[in-house]
Amino acid sequence: MRTCSWMAIAITTIAFTSCQKNMLNTPALPASANTRNNIVVLGPPTFVIWTNAGTLPFSDGEPGDTPSGDAYPMGFTINGKGYVVGSVLSDSHHSYQTVTSMFQYDINTLTWTAVAPTPMQPPVEGASFVIGDNVYIVNPDTKLVQRYNQPANTWSTVAPIPVQPERFNCVAIAINGKGYVGLGDGEDASGNNVRFGDWWEYDPATNHWTQKRNFPGQRIYASAFSIDGKGYVCSGEARTIFGGDVWENDCWQYDPVGNTWTQKANMPVAGVPGLGLDGYVNGGLHFGFVVGSGTKHCLEYNPANDQWIQLPDMPGGSRSQFAAFMINRSLFIGGGFDHMDVHALVWSR
């Protein structure tokens, strides 16, 4: 059943041009709408637009010194609030400083608020997954996992991933109340760079990690999202049998019940280093998104028909190592090398 009409789209279009707040914070859906993780999209037809959403609020603490870039921030969403934590700030003099600050974004007021900073070093090149009120952040240098509880605004540690050695550029997702982490790269005991294809499941009820079936390959800079009890890992840089590197554009579905991997439709553009996000919509339509790092590409995946759609490119030029999170029908991207700006992709469907 259609949940919006062309007249509704016209009204939405007027809202886009008249009020940024209304543009980002779309009206609540009826109770019958299918929602999950506070990410909601309506059924067809489609209207998509990018809008400026300000700048990231990170500071290096030096008066008069405004950061010009924010590389490696990590973004996620908990209970309808967006979060960005940890980063490597740069300025016009090309000096760099790591910060442990974390900020919460409220889509109702379009404001950032400082919350408890991470008690450990910034999770540069790490990964995170959200389960309920908590985000779990994998620290790549130590394999320690930090847990941030949103209602209490407190940090704690949980069981570390039982792997060796360090783990950079991995992916992480949550499926049915459990976390999954895998892939990435690091150094072996001899100091050689190695890439991984292993896959680990975290159960918050037992605080225990269990190794699952390996991903069919070894990747860094891959993208991942989860939809309807399945996980998806896309793209990433693989190493060929000749020792060179190649960017893949494939997509693999992980079924935690069968502990199996199944290849799905390839992405419509060349493989990209990017961020994956999951979006849940009403009317039985559920989507995944990949925002390309360094390419401007924004892609939408529909698991119902195993098809990809290319959305409008992100504004502000290409960027790499940025943060992303989703609230309602808005996808936020911000920061990255030589970037402090934030933009939001707003759509109805």
Side-chain angles (χ1 to χ4, degrees), residues 1-6 8-9 12 26-49 77 129-131 171-178 180 199 213 215-216 222-236 248-272 274-292 297-314 324-331 345-349:
M1 179 178 67
R2 290 182 64 170
T3 57
C4 61
S5 65
W6 285 108
I9 293 301
T12 303
T26 52
L29 294 177
S32 60
N34 185 336
T35 65
R36 185 171 178 182
N37 290 347
N38 300 289
I39 302 169
V40 183
V41 183
L42 292 176
T46 301
F47 185 91
V48 182
I49 187 173
T77 305
F129 56 86
V130 174
I131 300 176
V171 297
I173 53 176
I175 310 173
N176 297 335
K178 294 183 179 179
Y180 295 85
W199 193 244
R213 179 168 296 179
F215 175 80
S223 303
F225 51 86
S226 62
I227 308 172
D228 295 341
K230 301 290 196 304
Y232 296 83
V233 176
C234 311
S235 187
E248 304 285 0
N249 68 334
D250 53 354
C251 178
W252 293 81
Q253 179 194 77
Y254 176 72
D255 181 356
V257 177
N259 189 28
T260 57
W261 292 93
T262 303
Q263 188 167 8
K264 311 302 286 187
N266 287 349
M267 298 168 61
V269 297
V272 295
L275 298 175
L277 302 124
D278 45 311
Y280 293 82
V281 306
N282 66 322
L285 303 175
H286 298 180
F287 296 90
F289 299 88
V290 174
V291 186
H297 291 311
C298 185
L299 306 173
E300 173 189 282
Y301 175 72
N302 184 349
N305 56 21
D306 190 26
Q307 289 184 351
W308 290 88
I309 296 174
Q310 188 163 349
L311 300 175
D313 288 351
M314 74 175 82
F325 59 84
M326 297 183 70
I327 307 176
N328 297 331
R329 300 203 295 273
S330 298
L331 185 161
L345 178 70
V346 187
W347 70 98
S348 62
R349 181 174 297 282

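Separating the CG atom in Leu311 from the CG atom in Leu299 is a distance of 7.0 Å, to the nearest 0.5 Å. We find the CD1-CG distance between Ile131 and Asn176 to be 10.0 Å, quoted to the nearest 0.5 Å. Note that NZ of Lys264 and CG of Asp250 are 13.5 Å apart. Values are rounded to the nearest 0.5 Å. Remark: Leu275 CG to Ser223 OG distance equals 6.5 Å, nearest 0.5 Å. In this structure, OG1 on Thr77 lies 5.5 Å from CD1 on Ile327, to the nearest 0.5 angstrom.
Side-chain contact check for Val233 versus Trp199: some heavy-atom pair is nearer than 4.5 Å. Two residues are said to be in side-chain contact when any heavy atoms from C-beta on lie closer than 4.5 Å; Pro256 and Lys178 fail this criterion.
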- Query: Is there a side-chain contact (heavy atoms from CB on, under 4.5 Å) between Leu345 and Phe289 once you walk through the steps?
  - Reply: CA-CA 11 Å; Leu345 178 70; Phe289 299 88; 5.8 Å; no

- Test Trp261 against Phe215 for side-chain contact (heavy atoms from CB on, under 4.5 Å), laying out the working first. CA-CA 7 Å; Trp261 292 93; Phe215 175 80; 3.6 Å; yes

- What do the steps show when you test Ile227 against Tyr232 for side-chain contact (heavy atoms from CB on, under 4.5 Å), and what is the final call? CA-CA 8 Å; Ile227 308 172; Tyr232 296 83; 4.1 Å; yes

- Could you go step by step and tell me if Val291 and His297 meet the side-chain contact (heavy atoms from CB on, under 4.5 Å) rule? CA-CA 6 Å; Val291 186; His297 291 311; over 6 Å; no

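The two residues Phe287 and Pro303 have their closest heavy-atom pair at CA-CD, 4.3 Å. Annotation for Leu277 and Met326: closest pair CB-SD, 3.5 Å, computed over non-hydrogen atoms. Contact between Ala172 and Phe129 at its shortest, heavy atoms only, is CB-CD2, 4.0 Å. Listed here is the closest heavy atom pair of Cys234 and Phe225: SG-CE2, 3.8 Å. Nearest heavy-atom pair, Ile173 versus Gly231, reported as atom, atom and distance to 0.1 Å: CD1-CA, 3.7 Å.
Not one N or O on the side chain of Thr262 forms a donor-acceptor pair closer than 3.5 Å with the backbone of Gln253. Judged purely by atom type and a 3.5 angstrom limit, Ser235 has no side-chain atom pairing as donor or acceptor with the backbone of Ala222. Judged by distance alone, the side chain of Asn302 and the main-chain N or O of Gln307 form no donor-acceptor pair under 3.5 Å. Under a 3.5 Å cut-off, the side chain of Asp306 and the backbone N or O of Ala265 do form a donor-acceptor pair. The closest donor-acceptor contact from the side chain of Ser226 to the backbone of Ile175 lies at 3.5 Å or more, if one exists at all. With Asn259 contributing its side chain and Arg213 its backbone, the two residues share a donor-acceptor pair below 3.5 Å.
Taking the ring pair (Phe, Tyr, Trp, His ring centres under 6.0 Å) definition, one finds that Phe325 meets it with Phe332, sequence neighbours left out. Trp308 meets the ring pair (Phe, Tyr, Trp, His ring centres under 6.0 Å) test with Tyr301; sequence neighbours excluded.
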